[in-house]
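So you know, we letter chains A, B, ... as the sequences are listed, proteins then strands, and number each from 1. Remember, predicted model here, so these are calculated numbers, not experimental data. Below, all heavy atoms of this structure are taken into account, side chains as well, without hydrogens, waters or symmetry copies.
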Amino acid sequence: MPELPEVETVRRGLAAAMEGHVFVRAKMHRANLRFPFPDGFGQHLIGKTVKKLGRRAKFLLIIFDDGAVLISHLGMSGSYRIYDSSPPPLDKHDHVVFNISNGFEIRYNDPRRFGFMDLTTVTEMAEHPMLSKIGPEPICPRLSGPELAARLKGRSAAIKAALLDQSVIAGIGNIYASEALFMAGISPKLKASGVQGKRAEKLAAAIHEVLIKAIEAGGASLKDHRQTSGELGYFQHSFQVYGRAGRPCSVCGPGVLVSQITQSGRATFFCSRCQK
DNA sequence: CGGCAAACCTGCGAGC
DNA sequence: TGCTCGCAGGTTTGCC
């Protein structure tokens, strides 16, 4: 699924369709995603005007003008799709359908159902169990080298694993962890605590750059991610190492092939010559 | 507390 | 063609 750039792409799409408009219908086609929908979920939203679409880490925040907030996480395979007229027949994984006062129908589709939705309020949001322990956003404001270094200090896990830990930094997932480490020239196997000073500076810059460029490309479309318009993102064409095991390193050329290892049960891609 | 494997669920591609 | 296996962009849980 969706890492920060894909979620940000979805946020922008939903903002354009929803902001300033009223929820007139909210229909769930099953009782749960990863968790059961909260009691009165659909009814709670009807009649409310969308003030703003927000994002925290990989969580979408639909903020209403009365202070209510719908938290939506896309899990591995969740996507939103906006239809402005004559929507197609319901797909078997279209689990939630919102109808908006401007005539748009917005559907949440999620084959694996690792996503979830919950309700909170603007004032209670920061204490929500899913949001309360999340680390700083890496872009906007830009994460600084010294702050990244401070958050990695004392961590014995590999830097790749630390980057996936949402309490360390928000929004990085399996693709962008490998990509950022490649850009920074840092081995994914290095202890997180070893990334200090200039290396932390370089990694912070790499994280910022890769995420910004991915957002500009509309995210990366592997299997599931699409923009809310249905268009594919195209950042997958810019991957330097992710999914490229056995192919030449884009910097070293044919002499050095991209390596793949497993860390904490997840695939990591890197160049053993570029990354030390 | 930190770190790792397993669990949640479906779909798809590879290999036999 | 058809089956089984392994793997997939995330997060929480429980067990060392």
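Within the structure, every pair that satisfies the ring-ring contact (aromatic ring centres under 6.0 Å, His included) test and touches residues 5-28 of chain A, not counting sequence neighbours, is listed here: A:F23-A:F64, A:F23-A:F98. Sorted by first then second residue, the ring-ring contact (aromatic ring centres under 6.0 Å, His included) pairs that include residues 177-207 of chain A, not counting sequence neighbours, number zero. Applying the ring-ring contact (aromatic ring centres under 6.0 Å, His included) definition to pairs two or more places apart or across chains, those involving residues 103-144 of chain A are A:F35-A:F116, A:Y80-A:Y108. Residue pairs meeting the side-chain hydrogen bond (donor to acceptor under 3.5 Å, both in side chains) criterion with at least one member in residues 35-53 of chain A, sequence neighbours excluded: A:K48-A:D66. For the ring-ring contact (aromatic ring centres under 6.0 Å, His included) condition, the pairs that include at least one residue of residues 255-276 of chain A, sequence neighbours left out, are A:Y242-A:F269.
Atom CG of A:D110 is separated from atom C1' of C:dA8 by 13 Å (rounded to the nearest Å). Between A:M76 atom CE and B:dC12 atom P the separation is 15 Å, expressed in whole Å. One can place CD of A:E6 at 16 Å from P of C:dA8, the figure rounded to the nearest angstrom. The CD1 atom of A:I175 sits 14 Å away from the C1' atom of C:dC7 (whole-angstrom rounding). Distance A:L163 CG to C:dG10 C1': 15 Å, rounded to the nearest Å. Whole-Å rounding puts the A:H128 NE2 to C:dT11 C1' distance at 13 Å. A:I169 has its CD1 atom 14 Å from the P atom of C:dT11, to the nearest Å. If you measure from atom CZ of A:F269 to atom C1' of C:dA8, you get 10 Å, rounded to the nearest angstrom.
Annotation: cation-pi pair A:R244/A:F239 absent, no NZ/CZ under 6.0 Å from the ring centroid and within 45° of its normal.
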* Heavy-atom protein contacts under 4.0 Å, nucleotides 3-8 of chain B, coded B base, S sugar-phosphate only, - none -> SSS--B
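In this structure, A:R247 places its CZ atom where only 12 or fewer heavy-atom neighbours from other residues, nucleotides or ligands lie under 6.0 Å away. Other residues, nucleotides and ligands contribute at most 12 non-hydrogen atoms within 6.0 Å of the CZ atom of A:R273.
A:H93 meets the ring pair (Phe, Tyr, Trp, His ring centres under 6.0 Å) test with A:H95; sequence neighbours excluded. Residues passing the salt bridge (charged side-chain N to carboxylate O under 4.0 Å, His left out) test with A:R12, sequence neighbours excluded: A:E8.
Taking only side-chain nitrogens and oxygens, A:H93 comes nearer than 4.0 Å to OP1 or OP2 of B:dG11. Between C:dT11 and A:Q166, a contact under 4.0 Å exists linking OP1 or OP2 to a side-chain N or O. Close to C:dG10, at under 4.0 Å from its OP1 or OP2, lies no side-chain N or O of A:H73.
Between C:dT12, C:dG10, B:dC9, one nucleotide has an atom nearer to the side chain of A:R113 than all others, and that is B:dC9.
Among the heavy atoms of the strands lying under 4.0 Å from A:A220 is at least one base atom, whether or not backbone atoms are also near. Counting any heavy atom pair closer than 4.0 Å across all strands shown, A:K133 reaches no nucleic acid atom.
Nucleotides B:dC9 and C:dG14 have their P atoms positioned 16 Å apart, rounded to a whole Å.
With a cut-off of 3.5 Å on both pairing distances, the Watson-Crick and G-U wobble pairs of DNA chain B assemble into stems of 3 or more at B:2-8 with C:10-16, B:10-16 with C:2-8.
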